[in-house]
Structure formats: C-alpha cells, structure tokens
Amino acid sequence: MKLNYKIIFHFLGLLLLFNGGFMLLSSLISLIYKDGVTFNLFLSGGITILVGLLVMFNTKDHNKEMNKREGYIVVAFGWIVMTLSGTIPYLLTGSITSFTSAFFETMSGYTTTGATILNDIEIVPKGVLFWRSLTHWIGGMGIIVLAVAILPLLGIGGMQMFAAEAPGPSADKLHPRITDTAKRLWLIYFGYTAAETILLKVAGMSFFDAINHSLCTLSTGGFSTKNASIAYWNGQPIIQYIIIVFMFLAGTNFVLSYFAFKGKIQRVLRDEELKLYFKFIAIFTIIAALIIYFKADLTTSTIEHPMVWGKAESSFRHALFQVISVVTTTGFITADYTLWTPLLLVFFFGLMFLGGSAGSTSGGVKVVRHLILIKNGFLEFKRALHPNAVLPVRYNSKAVTGDIVFNILAFFILYMLSFIVGALVFSMLNIDFISSIGLSASSLGNVGPALGNFGPVHNYAALPSLGKWWASFLMLIGRLELFTVLILLTPFFWRNR
C-alpha cells in the first residue's frame, strides 16, 4: 500500500501553524518587555505560518485515511519540522548565530532535554527566552497530542499518532474518543502550569521568571532564565520546594492526575508504578541526604546561600531536589552534584537511566518498564524450578501479555545499545570517557546536565558541531521512545505492500 504523502504534508503544515502561533505569542512578550526583538519574532511567526498555510493549501484534497506507517512518519518528521522552524527566532534575533547551535538548542527544547549552548542566558532578550521555554512546553505533552485534539475539524482520526507519540509502553485512554483524551491531558497540563506560576510568583519570583520556570517544570525540560538555574534561589527554599512538588507531579502519569481530580483516589493509590516511583525517590533522597550531610561540602558545591535553615534541611532539600530533577529528567540544578563525593557521582549517573512514569512528560526508560523487568526477572527463577507452570507477569493485578514483556525487553536492550553507541561516537570526537558516557546518557534520557566537562554547572557550547548533531539525534530518539524514529531507518518500512 502506497504512502499517503498528502495527508503527511497536510499535518506537517498544521504543525507549522501551531509553531508560528506560539512565535507570535513570544513577540507579544517581547513587546511588553521592550527587549528590541519584537519585529524579528513577529517575522519568525509570520514566515512559519505562511509556509504552513501554503503546505496545507496545496494538500487540501488529501485522502482522509491515515495508517500506522503514516502515523510514525508524521510523529518523527513532525518533530524535525518543528525543530527546523523553531530555529528561526534564534537566527533572526541574532541570539544564536550558528544554525548547528540553533538546531541543537531547539531540539533540546522540543525534546525537553534542557541542554543549552548559551554561555550567558541572562543577556538573551526576554521574548527569545520565553520562546525557548515555550519549546519545552510544546514538546512536553507532545505537539502531536495537541494537534490530535483538533483533527476532527479536518475529518481525520488521530489514534495512530497518539499511539506512536504518547509516552511510555502504552497509551491509557481516559475516554473512548482519542481527541477527548488529548483535550483532557492538555487541560490538566495547562492547569498545573498556571498553578505553579501563581505559587512561584507569590513565593517571590518575578512573573516572567515564574511563568518560564513553570513552562519548563511541567514539561520536565530544565531551561532556566538564570545562568545559575534554580541555584539562583538557594536563599529562598520555599521556591525550590514548590518546584519539587511540580517536578514530582510532572513525572507521574497524567492519567492518574485525571483520576484524582475525578475523586478516584483509591485507583491512584493502588497504582504499582506510582508506588514504586514514590519509593525510589524516597529511598534515593534519604541515601543522598545522609551522604551530603556527613561527607559533602555544600559551601563549595552550591552557588549561593548554601544553608538558610541549617545544614540538615539544606542537605535534605538539595538531595530531594536533585534526585527528583534527575529521575524526572527535568535537569534543573541547585548545586553541582558532581562534587558531592565519587559515590554520589555514580549514583546520579545511574538515576539518568531511571526516568519518571509512563504517561508523564519525563524521559528515560520509565519506572513501569523497570518494574516489569524486575518482576519478569524474579519469575524466571520460578520458571527454572517449575518449567511447566504458567507464571504471567502481573501489573496492577492484571496479567501482562507476553508481547508487552518482549517489547519492554527489546526496548531496554535497544536503549542500552543506543547508549553504548552514543558514547562511542562522542569518544571518537576526542571527548574524554566520563564526559562521553555522561553526554550519551543525558541526551538519550533527555536529562540535560551530563558529567565531566558538560556537568551541571557547565553547558554544551564546547561540544563540536558533529557532537551537537549526534546529541540532537539521541535526544530525538530518546524523546520518541526509540522505535518511532528507528523504525524509519529500516528498509522494510518504506516498501510498498
């Protein structure tokens, strides 16, 4: 069956309309703050919308049917098209002059990685900073899911795209109609963002900083408006605790948030992934806090006001913040955790592979996959003793089919192979071992801060051009759960059947 190219391009044109609209919103912020780049941002939005309209106009007579292959193409190429168009504001405003660096920064934004090449964030015009944060927010829940919500206007069903893009091993629908599911997810997403903005403003942040950090928290992105990231507010612990709460929420399955708002609390509390996610964070925080308290020197690893409410509270807060930040792949920092003893360096490197919950905006492997792998591993011992017994893996009291278990095993193997190959390519660019494995783990897991020369208090400006392109590729496959992108590289995918 031949690919329906017209519907693919029609949808890509629709994505460009969305992107252009958000650029115009950034130009409005630029106008309010009089940062001198209003026209450039307006022009960026105008160009993007014009191209989108031309593409949609020339493909308006497309066939309404979309199969699974076309869904994969739209998701993968949709992200690339969004990234390419998203570089325009950086280039036209002169905030980033190199196309390679602009592409890297934009891909880091849409994939909610949070790695940056900007050496001095605070001199960047506010309109551009807002656009930078918006790329996180758009990518966080998935521009595809956003567009699925309005596809009925075009007479197109969007289940194929939601299945390909929705984070985690499965898309748990809230409502039989996929468009209603997308709307509910976005409503929760928007509500959390608004709530955090208000709380951060009340806690002492400026409105501009509050809205930017809210956009980047709920998307588990990590871009900040300050060079010191959240360490800038080390003297205001309440701000950091607010961000901790919303990072935790962003790392949970948004479907559970929906059930909680509907009053189905027992259903939320019974969820095995949520319980393990909470236990992981609690245990890792206690371990990190104790090591920090007894072994680490907070006066050297934190940037400003290391201890406001005493060493015990400061040790706990920095440990909790950094554990949640890395587990949820948000990437905000309050301190340079690479200076907290070699044990904690390895500890945080390991956390880069954990990830938040399926159905959240976080990257990484995801807690549910670890849970099913662990359960299946224990069952293998029983199967060795009782080879004829039927012992299915159970999740939330339901048997998990063999296909899902095999898919998760395949994902994990592919993830680790991608990490190894990623590190090898970085090492071929004359990057040292620690930095190479950190870059690979961070890019693939969409974490942001890496290790070595690209650690929490550094940026990616020193990364060679080829390294930026390779990191961008790892960010993309990591954000889209590997299979969605890598399947496009297989010959059989493109064969007409």
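Numbers for residues simply follow the sequence, beginning at 1.
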ask   = Taking the six-membered ring where the residue is Trp, are the ring centres of Y277 and F248 under 6.0 Å apart?
value = yes

ask   = Taking NZ, NE, NH1 and NH2 as the nitrogens, is one of them in K366 or E481 under 4.0 Å from a carboxylate oxygen of the other?
value = yes

key: Point-to-point distance, once rounded to the nearest 0.5 Å, from CD1 of I49 to CG of L24   = 4.0 Å

request  = May I ask you to check whether over 12 heavy atoms, not counting those of F190, lie within 6.0 Å of atom CZ?
outcome  = no

request  = State, with a plain yes or no, whether a side-chain heavy atom of I117 is found less than 4.5 Å away from one of E105.
outcome  = yes

key: Flag for S133-N212: side-chain donor and acceptor within less than 3.5 Å   = yes

inquiry  = So, using ring-ring contact (aromatic ring centres under 6.0 Å, His included) as the criterion, who are the partners of F42 when residues are at least two apart?
reply    = none

key: side-chain contact (heavy atoms from CB on, under 4.5 Å) involving L371 - partner list, sequence neighbours excluded   = E272, L276, K375, Y395

query = Just wondering, more than 12 heavy atoms not from M416 lying within 6.0 Å of its CE?
reply = yes

inquiry  = I'd like to check the side-chain contact (heavy atoms from CB on, under 4.5 Å) partners of K34; sequence neighbours left out, ordered by chain and number.
reply    = none

inquiry  = Does the Lys NZ or Arg CZ of K201 fall within the cation-pi geometry relative to F207 - under 6.0 Å from the ring centre and within 45° of the axis?
reply    = no

ask   = How about S442 and Y460: do any of their side-chain heavy atoms sit closer than 4.5 Å?
value = yes

task = Kindly determine whether T217 and L249 satisfy side chain to side chain contact (heavy atoms under 4.5 Å, CB included), including the steps that lead there.
result = CA-CA 10 Å; T217 302; L249 289 172; over 6 Å; no

inquiry  = Quiz question: by atom type and distance under 3.5 Å, do the side chains of T59 and H10 form a donor-acceptor pair?
reply    = yes

task = Check the surroundings of atom CZ in F280: do more than 12 heavy atoms from other residues, nucleotides or ligands lie under 6.0 Å from it?
result = yes

key: Donor-acceptor side-chain pairing of N446 and T112 below 3.5 angstrom   = no

ask   = Would you say I324 and T330 make side-chain contact, with heavy atoms under 4.5 Å?
value = no

remark   = What one should report as the nearest heavy-atom pair of C216 and F332 is CB-CZ, 3.8 Å

task = Determine, stepwise, if the pair W470 / L466 fulfils side chain to side chain contact (heavy atoms under 4.5 Å, CB included).
result = CA-CA 6 Å; W470 180 244; L466 284 176; over 6 Å; no

query = Under 6.0 Å from the six-membered ring centre of F411 and within 45° of its axis: does the NZ or CZ of R369 meet both?
reply = yes

task = Run the numbers on R69 and L3 for side chain to side chain contact (heavy atoms under 4.5 Å, CB included), then give the verdict.
result = CA-CA 8 Å; R69 280 204 304 167; L3 285 169; 3.9 Å; yes

query = Are side-chain heavy atoms of L15 and F11 found at a separation under 4.5 Å?
reply = yes

F208 atom CZ, over 12 foreign heavy atoms within 6.0 Å = yes

key: Residues forming a side-chain contact (heavy atoms from CB on, under 4.5 Å) with T97, sequence neighbours excluded   = none

V124 and L118, any side-chain heavy atoms less than 4.5 Å apart = yes

query = F130 versus I32: any side-chain heavy-atom pair under 4.5 Å?
reply = no

request  = Over all heavy atoms of both residues, which pair between A441 and F349 is shortest? Give the atoms and the distance, please.
outcome  = CB-CE1, 3.8 Å

ask   = Is there side-chain contact between I372 and V368, with at least one heavy-atom pair below 4.5 Å?
value = yes

request  = Determine the minimum heavy-atom distance between S224 and S229, stating which atoms define it.
outcome  = OG-CA, 3.6 Å

ask   = So do F454 and I431 actually touch side chain to side chain, heavy atoms under 4.5 Å?
value = yes

message = For the CG atom of L129 and the CD1 atom of I29, what is their distance to the nearest 0.5 Å?
response = 11.5 Å

remark   = Rounded to the nearest 0.5 Å, the CG atom of L351 sits from the CZ atom of F353 at a distance of 10.5 Å

inquiry  = Using the ring centroid of each side chain, check whether F104 and W469 are separated by less than 6.0 Å.
reply    = no

inquiry  = For F419 versus L444, what's the shortest heavy-atom pair and its separation?
reply    = N-CD2, 3.7 Å

request  = Over all heavy atoms of both residues, which pair between F426 and G467 is shortest? Give the atoms and the distance, please.
outcome  = CE2-O, 3.6 Å

query = R132 and T116: which non-hydrogen atoms are nearest, and at how many Å?
reply = NH2-OG1, 3.3 Å

request  = Give a yes or no on whether the ring-centroid distance for Y72 and F483 is below 6.0 angstrom.
outcome  = no

query = Among side-chain atoms of D271 and N396, is any donor-acceptor pair under 3.5 angstrom?
reply = yes

task = Only pairs at least two apart or in different chains count here, so list each side-chain hydrogen bond (donor to acceptor under 3.5 Å, both in side chains) that has a residue in residues 36-45.
result = S30-T38

request  = Please indicate whether K275 has more than 12 foreign heavy atoms, meaning atoms of other residues, nucleotides or ligands, lying under 6.0 Å from its NZ.
outcome  = yes

key: Option from W137, Y192, Y258 for which ring-ring contact (aromatic ring centres under 6.0 Å, His included) with W186 holds   = W137

query = Please, which pairs that meet salt bridge (Lys or Arg N to Asp or Glu O under 4.0 Å) have at least one residue in residues 205-215, sequence neighbours excluded?
reply = D209-K226

query = Going by distance alone, is a donor N or O of one side chain under 3.5 Å from an acceptor N or O of the other, for T197 and S214?
reply = yes

query = With no hydrogens and no angle check, do the side chains of T225 and E122 hold a donor and an acceptor under 3.5 Å apart?
reply = no

